[in-house]
Amino acid sequence: MTDIPPRTAPSPRTVPDPSIPADPYDPRALETKWQARWERDATHHTDIAAGVRPYYALMMFPYPSAEGLHVGNLFAFTGNDIHGRFQRQQGHTVFEPMGYDAFGIHSENYALKMGVNPMVLIPRNIDNFRRQLKRAGLMVDWRRELSTTDPRYYRWTQWLFLQLYHRGLAYKKRAAVNWCPNDKTVLANEQVIAGECERCGARVEQRFLEQWFFRITEYAERLLNNLDALDWSESTKAAQRNWIGRSEGAEIVFRVQDIMAIAGAAAVPASTAEMTVSQTDIRVFTTRPDTVFGATYLVLAPEHPLVERITTDEERASVLAYRERSSRQDLVTRRVSKEKTGAFTGAYALNPATGEPIPVWIADYVLMDYGTGAIMAVPGHDERDFEFATAFGLPIVRVVAAPGDDERSPLPTAYTDSQDPARLVNSGRFSGLTVSAAKHAVVARLEDQQRGRAVVTYRLHDWCISRQRYWGPPIPIVYCDVCGPVPVPEQDLPVELPRVDDFTPDDSGISPLARVERWFKVSCPRCGGAARRETDVSDTFLDSAWYFLRYPSVDRDDVAFDPVLTDKWLPVDSYIGGNEHAVLHLLYSRFITMVLHDAQLLPFEEPFTRFRAHGTIVREGAKMSKSRGNVVNPDEYIEQWGADSFRAYLMFLGPYEEGGDFQDRGISGVRRYLDRLWSSAIDADRAGDADPAMLRKLHKTIRKVTQDIPALSYNTAIAAMMEYMKAMRTGERRAHINEVEPLVQLTAPFAPHIAEELWERFGHTRSVFDSGWPSFDPALAADELVTMAVQVNGKTRGTIQVAPEVDQAGALAAAMADAGVAKFVTTDPARVIFVPGRLLNIVVR
RNA sequence: GCGGGAGUGGCGGAAUUUGGCAGACGCGCUGGACUUAGGAUCCAGUGCCGCAAGGCGUCCGGGUUCGAGUCCCGGCUCUCGCACCA
């Protein structure tokens, strides 16, 4: 910080300085006073059971890092706090809770580094966070604070797991995970930065481990469709649509030729509802079934289960070698190098459209976890297939053409147009059809032949919720040799995390909890025999996927969330948070809410009625980072300028939903505003009447602020108040109390401490937040005279002061009386454009 | 590649919803007042060129219109999310 702090108290001098008021604005003293007063008077306590007109104003709860509160946290919380305080002044009972998302790998890694159990560290971090948050003057009901690491909380996280388990939405399967060979641990996706471990920088490997999953894909369609009706930031909805990644297409069956010649394979046809599938039929997914005549080969993902069965003896060695090579390659290098590699299996499949045999390849450009893990390659009309076919000399056939294209000439590149002028060629009876018509026709034909069907595929995967780590809620499952996996009975929850000294992850890929025998050795809840606990813990995102349900019921140990309170407070009226959680947290929360709705535990299926993503703050044009050393420490600024100034500056520096540039110098502007508010209020004239012109200005300001706050246009709301302040003080005039008092109420959400103090000094005994909100009189907010722009041929040549209801003739007369205008009007106007109250345009030829 | 957002003074940003005085508000800067002093406070000015009259100005190029930062067409740049997704 380079700025000189403002003087808040008289300097120690022998002669009193007359320019320093006897009673200056002293934010430090006053903020301490009011924070204590709020606590004493329970000003911020929410009457959960009996409060009227409930309004749930929620912000994403923080991860309590050891570094303390980040300015980004405070930006988010302050924005929510202003909204909440405003709603309270509108007469709502506002609930603005705070909690801590304290499980997870961040905390655990930090604890490992310090060599202290996170059970010890986390409470310290939380204490520090709470101290900082209180200093910022948030309207939080601290009695309802929660931490996800509290057994009273995660007991219900485990309960939630069981609800999904009982509904068949939790299952276990082997899956690829991120493995850091250096830290010997599984990493969450978020812990992998550009293919490297975020802690040590080692290249992350793929490992296959048994994992617990939630069947979120079963909800894909609902998660997608509901978005349309949600009042959420458009960018967030777009990110979710993107993530869900719905695509319409077809599944087509290719029969592998000459099955009996392949050793060990038995062609036993099995019939499904839609089509006949034999054990070596290859199902592919395509969004372009219209191009099936151009499918000149098939590609399977290297790890596709059919590979072993169809590979011929001659090709076995090279196929296995390729498979081995690609499995060692981590996902990231695979993405970086887009060079096409692959191996021929020796097998051929019949193209159901042409009847021709086409070769079956494996290649890592086909992903096992999307579609069916197999594609029909149409090199003529897909860029990747074109590259592959070129690299391996496979045939390229044109089956779509624009008018005028030579149907026989070789394609220089893949022709991927599927819009109107493009038509099918070389496609038998389908030639001549448009792409969209052909899609339907081809699928219909394949359905008749039982060789295909229309399907919808999603990019969304099932949610892997298990973590082979220590710092999380243990998954409440017990494995019994006799009974198999048995859920822990609800009355036995929580399954408490044992306190251990050594929670270092090891090379086994198994949770550190697997070393705690006294903990995992249990008897089977069903048969009483010897059994073993699940030693994986659940993903942090599960903790945060339901916390908003817990706040109103946080003092209840008999239920996760009380139905009556839930009905009263939820869904959340206003949710504010960062767009970095646009997909994971917000999608998981929606999913969990839908599941609980289906289980008839919640009357709604969307948790957040309104969501707004706040922007990010940069500093002096650059991203804040520890390495740059340009991180804003809220404590320092609050110390120097006061919490009120800091809050107001954060809200003023840019549009809330975009964030902005934190410039150290800028904070002095809002501080000056508060200084002036202070002195105007202290010196306010209590005799006589307010200036009518000023009252008109006041009512306009009230209208502007009242409209801007719900829209989160905090920067313009503050600008409007500053503008009013300037008007009130022009020519060093003394403001009348009736001009200042409502301004204090308007300022209150932004700068609560100073507002309370001034409100009290005005003689009120109750909190300014229970004083209501100034109303504006539209008649008063309207001007007596308006300034209209006068243009000649579209160029502004002057302004006129007229009554708002003046007609065209009146405005024209007034305009022509203006010499500056008249001199441009040399002939009779050819035309006059009149916008009442705004503008007059005189058109001369 | 797909999708979202954005380009406006020296700087942060208003006005884009509904086409109607571009630059609100703040920072910074300039001048002045008060003052022993000022990095405090207060007053005035501040888009660019020009003594002025006036001209020019919202990423670039077209268009619609009496009138375009705002609408339409084409392009450029930045930014965020997803990405060999078939």
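This is a predicted model, so every value here is computed, not measured. Chain naming here is simple, since letters A, B, ... match the order of the sequence lines and numbering starts at 1 in each.
Look at the C1' atom in both B:U77 and B:A68: the space between them is 22 Å, to the nearest Å. Taking atom C1' on both B:U8 and B:C56, the two are 15 Å apart, rounded to the nearest angstrom. For B:G9 and B:G13, the C1' atoms lie 11 Å apart once the distance is rounded to whole Å. Using P as the reference atom, B:U18 and B:A6 are 15 Å apart when rounded to the nearest Å.
Taking only distance into account, the side chain of A:K340 meets the base of B:C84 through a donor-acceptor pair shorter than 3.5 Å. Residue side chain A:Q791 reaches the base of B:G20 through a donor-acceptor N/O pair under 3.5 Å, judged by distance alone. Judged by distance alone with a 3.5 Å cut-off, a donor-acceptor contact links the side chain of A:N841 to the base of B:C66.
The partner of B:C42, taking Watson-Crick or G-U wobble pairs whose two distances both stay under 3.5 Å, is B:G32. Base pairing analysis places B:A24 opposite nothing; no Watson-Crick or G-U wobble pair with both distances below 3.5 Å involves it. Pairing for B:C56 is with B:G47, a Watson-Crick or G-U wobble pair whose two hydrogen-bonding atom distances lie under 3.5 Å. Of the nucleotides present, none pairs with B:U65 by Watson-Crick or G-U wobble criteria with both distances under 3.5 Å. Shown here, B:A14 forms no base pair; nothing in the strands shown gives a Watson-Crick or G-U wobble contact with both key distances under 3.5 Å. The partner of B:C78, taking Watson-Crick or G-U wobble pairs whose two distances both stay under 3.5 Å, is B:G5.
Contacts of A:T787 with the nucleic acid, taken as non-hydrogen atoms under 4.0 Å apart, include base atoms. Note on A:K823: only backbone sugar-phosphate atoms sit closer than 4.0 angstrom, heavy atoms only; bases stay farther off. At the heavy-atom level, A:F386 lies nowhere under 4.0 Å from the strands shown. Contacts of A:S235 with the nucleic acid, taken as non-hydrogen atoms under 4.0 Å apart, involve only primed sugar atoms and P, OP1 or OP2. Contact annotation for A:R459: base contact, defined as any heavy-atom pair under 4.0 Å involving a base atom.
Other residues, nucleotides and ligands contribute over 12 non-hydrogen atoms within 6.0 Å of the CZ atom of A:R733. Other residues, nucleotides and ligands place more than 12 heavy atoms under 6.0 Å from the CD atom of A:Q808.
Taking a cutoff of 4.0 Å between a charged side-chain nitrogen and a carboxylate oxygen, A:E248 and A:K439 do not qualify as a salt bridge.
Of the candidates A:T701, A:D708, A:T706, A:K704 forms a side-chain hydrogen bond (donor to acceptor under 3.5 Å, both in side chains) with just one, namely A:D708.
Proximity note for A:F652 (side chain, C-beta onward) versus B:G81, B:G26, B:A14: the nearest is B:G26.
When the P atom of B:U16 is taken as reference, atom CD of A:E234 falls 19 Å away, rounded to whole Å. A:E620 places its CD atom 12 Å from the P atom of B:G28, with the value rounded to the nearest Å. Straight-line distance from the CD atom of A:E658 to the C1' atom of B:A15: 14 Å, rounded to whole Å. Across the protein-nucleic acid pair, A:R671 atom CZ and B:G26 atom P stand 17 Å apart, rounded to whole Å. The CG atom of A:D661 sits 13 Å away from the P atom of B:A14 (whole-angstrom rounding). Rounded to whole angstrom, the span from the CD1 atom of A:I244 across to the P atom of B:C2 amounts to 21 Å. Whole-Å rounding puts the A:M788 CE to B:G67 P distance at 18 Å. One can place CZ of A:F662 at 14 Å from C1' of B:G26, the figure rounded to the nearest angstrom.
For the pair A:R672 and B:G26, the criterion of a side-chain N or O lying under 4.0 Å from OP1 or OP2 is not met. In terms of phosphate contacts, A:R797 brings a side-chain nitrogen or oxygen within less than 4.0 Å of OP1 or OP2 of B:G55. When the side-chain nitrogen and oxygen atoms of A:R241 are compared with OP1 and OP2 of B:G3, none of them lie within a distance under 4.0 Å. In terms of phosphate contacts, A:T236 brings no side-chain nitrogen or oxygen within less than 4.0 Å of OP1 or OP2 of B:G81. Checking the phosphate oxygens (OP1, OP2) of B:C66, a side-chain nitrogen or oxygen of A:R831 falls inside 4.0 Å. Residue A:N715 places at least one side-chain N or O closer than 4.0 Å to OP1 or OP2 of B:A14.
A donor-acceptor pair shorter than 3.5 Å cannot be found between the side chains of A:Y649 and A:T78.
Using a 30° and 60° split on the angle between ring planes, A:Y588 and A:W463 fall in the parallel class, below 30°.
Side-chain atoms of A:R729 and A:S679, non-hydrogen and from C-beta on, do get closer than 4.5 Å to each other.
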- Check the pair A:S233, A:N579 against side chain to side chain donor-acceptor pair (under 3.5 Å), reporting the backbone distance first and the verdict last. CA-CA 9 Å; A:S233 297; A:N579 231 356; over 6 Å; no

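In this structure, B:G57 is classed as anti because its glycosidic torsion departs from zero by more than 90°.
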